[in-house]
Amino acid sequence: MFVIVSMEAALNFTVPLYIQIVQGRTPFDTSLAMMPFNLTVFVTATLIVRFYPRFAPRAIGVFSFALTTVALVWLSFVVTNNWETLPTILGLIVFGVGQGALVTLVFNVLVTAVPKHLAGDVGSIRGTTQNLASAVGTAVAGAMLVTVLGLTVGRAILENTDLPPSLVAQVDLDSVNFVSNDRLREVLSQTDATPEQVDAAVELNADARLRTLRTGLLALAALSAVALAPASRLPRYRPGEIPNLGPDPGR
């Protein structure tokens, strides 16, 4: 459950960050871009129960984590500066299918794994886990993206001969962050950079941001792949085969 929610929180942080801050688009545009993912999660979480009589939790869990892993790897390769492309939308939908299936599946397994009188405790622990995972997923994603961006920009500047050290010294590279191209041009207009150097810096920054985004998606894919191990330990029984957990002390 922690891995599932943290992955969703990380993606819900990364995509709006890129669309609103990097591309400079409106919150409404961000909502439209995330709509395929969020709607897919909702629909899948509702309909996945129809597959319980036919497939064991272990089979659904392993398949769903494999699905999210493939979707994240796919996104890391096809994502561009335009989120409206069909490959990107397809990747978000596939990831949403895996996420929606996992959220419902894991909760049902937790409930059926304990006696009925402990159902309230399961619900409380589940809620706490979700809140913690959401906070951790967002915080780790933000820290990782900013760190990778700083390293990528620093290395690209060293390799770029169009940006002399005298110009680089006029920019604060100790606080590299995600900025739009317009904001970067505004900052560089306060230096002695030539128009050609400004264009080179904007292109370098755009490339570094895209590489950072892809690195972040690959990191999430690795986390999803690691989660295949605990998913393979999920129960094999189906609803009609749930073992008897003993009498309810509350009766």
Side-chain angles (χ1 to χ4, degrees), residues 1-25 27 29-38 40-42 64-83 88-89 91-100 102-103 106 126-156 174-180 183 205-231:
M1 179 67 73
F2 188 92
V3 172
I4 296 165
V5 177
S6 60
M7 286 197 306
E8 184 173 355
L11 188 73
N12 278 325
F13 170 82
T14 302
V15 175
L17 167 74
Y18 202 83
I19 295 177
Q20 287 186 239
I21 297 181
V22 175
Q23 297 181 327
R25 305 180 66 174
D29 293 328
T30 305
S31 300
L32 291 179
M34 292 300 295
M35 193 67 72
F37 168 69
N38 290 322
T40 304
V41 170
F42 173 76
S64 298
F65 271 119
L67 207 61
T68 57
T69 302
V70 170
L72 289 168
V73 172
W74 168 265
L75 283 171
S76 70
F77 282 99
V78 303
V79 70
T80 63
N81 289 322
N82 182 10
W83 283 91
T88 303
I89 295 174
L92 289 173
I93 290 176
V94 174
F95 183 70
V97 170
Q99 282 289 108
L102 287 167
V103 169
V106 174
R126 177 216 183 197
T128 302
T129 301
Q130 285 187 306
N131 291 334
L132 180 62
S134 181
V136 171
T138 302
V140 171
M144 179 186 66
L145 290 176
V146 171
T147 301
V148 173
L149 178 66
L151 295 174
T152 305
V153 169
R155 185 178 65 180
D174 293 331
S175 58
V176 175
N177 210 331
F178 286 87
V179 296
S180 64
R183 174 56 182 164
N205 190 52
D207 182 64
R209 291 180 318 214
L210 193 55
R211 288 187 180 186
T212 300
L213 176 63
R214 289 174 172 171
T215 301
L217 291 171
L218 284 175
L220 286 177
L223 177 62
S224 179
V226 170
L228 283 167

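All values reported here derive from a predicted model rather than from experimental measurement. Starting from 1, each residue takes its place in the sequence as its number.
- Of the inter-residue distances, the one linking W74 atom CH2 with L217 atom CG reads 13.5 Å to the nearest 0.5 angstrom.
- Screening V3, I4, T69, L67 for a side chain to side chain contact (heavy atoms under 4.5 Å, CB included) involving S224 leaves a single residue, T69.
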Q: Verify side chain to side chain contact (heavy atoms under 4.5 Å, CB included) between S76 and L218, making sure each step is shown before the conclusion.
A: CA-CA 6 Å; S76 70; L218 284 175; 3.2 Å; yes
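- To the nearest 0.5 Å, atoms CG (L72) and CG (L92) are separated by 9.5 Å.
- To the nearest 0.5 Å, the span separating CD on E8 from CG on L102 amounts to 10.5 Å.
- From Q99, atom CD reaches atom CZ of F65 across 7.5 Å, with rounding to the nearest 0.5 Å.
- Judged by distance alone, with hydrogens and angles left aside, the side-chain atoms of T14 form no donor-acceptor pair with the main-chain N or O of L11 at under 3.5 Å.
- Contact check for V94 versus L75: no side-chain heavy atoms found under the 4.5 Å cut-off.
- Residues satisfying the ring pair (Phe, Tyr, Trp, His ring centres under 6.0 Å) test with F37, not counting sequence neighbours, are F95.
- Side chains of S6 and V136 form no contact here, defined as non-hydrogen atoms less than 4.5 Å apart.
- Taking CD of Q130 as the start and OG1 of T128 as the end, the distance is 9.5 Å to the nearest 0.5 Å.
- Looking at every heavy atom in both residues, A133 comes nearest to A9 through O-CB, 4.5 Å.
- Summarising the geometry of M144 relative to G216, their closest heavy-atom pair is CE-CA, 3.6 Å, with the distance given to 0.1 Å.
- Under the side chain to side chain contact (heavy atoms under 4.5 Å, CB included) rule, N205 has a single partner from T152, V153, L210, which is V153.
- Among residue pairs with one or both ends in residues 132-141, none qualify as side chain to side chain donor-acceptor pair (under 3.5 Å); sequence neighbours excluded.
- The CG atom of L145 sits 9.0 Å away from atom OG1 of T215, with the distance rounded to the nearest 0.5 Å.
- In this structure D207 satisfies the side-chain hydrogen bond (donor to acceptor under 3.5 Å, both in side chains) test together with R211, sequence neighbours excluded.
- M1 approaches V103 most closely through the heavy-atom pair CE-O, 4.1 Å.
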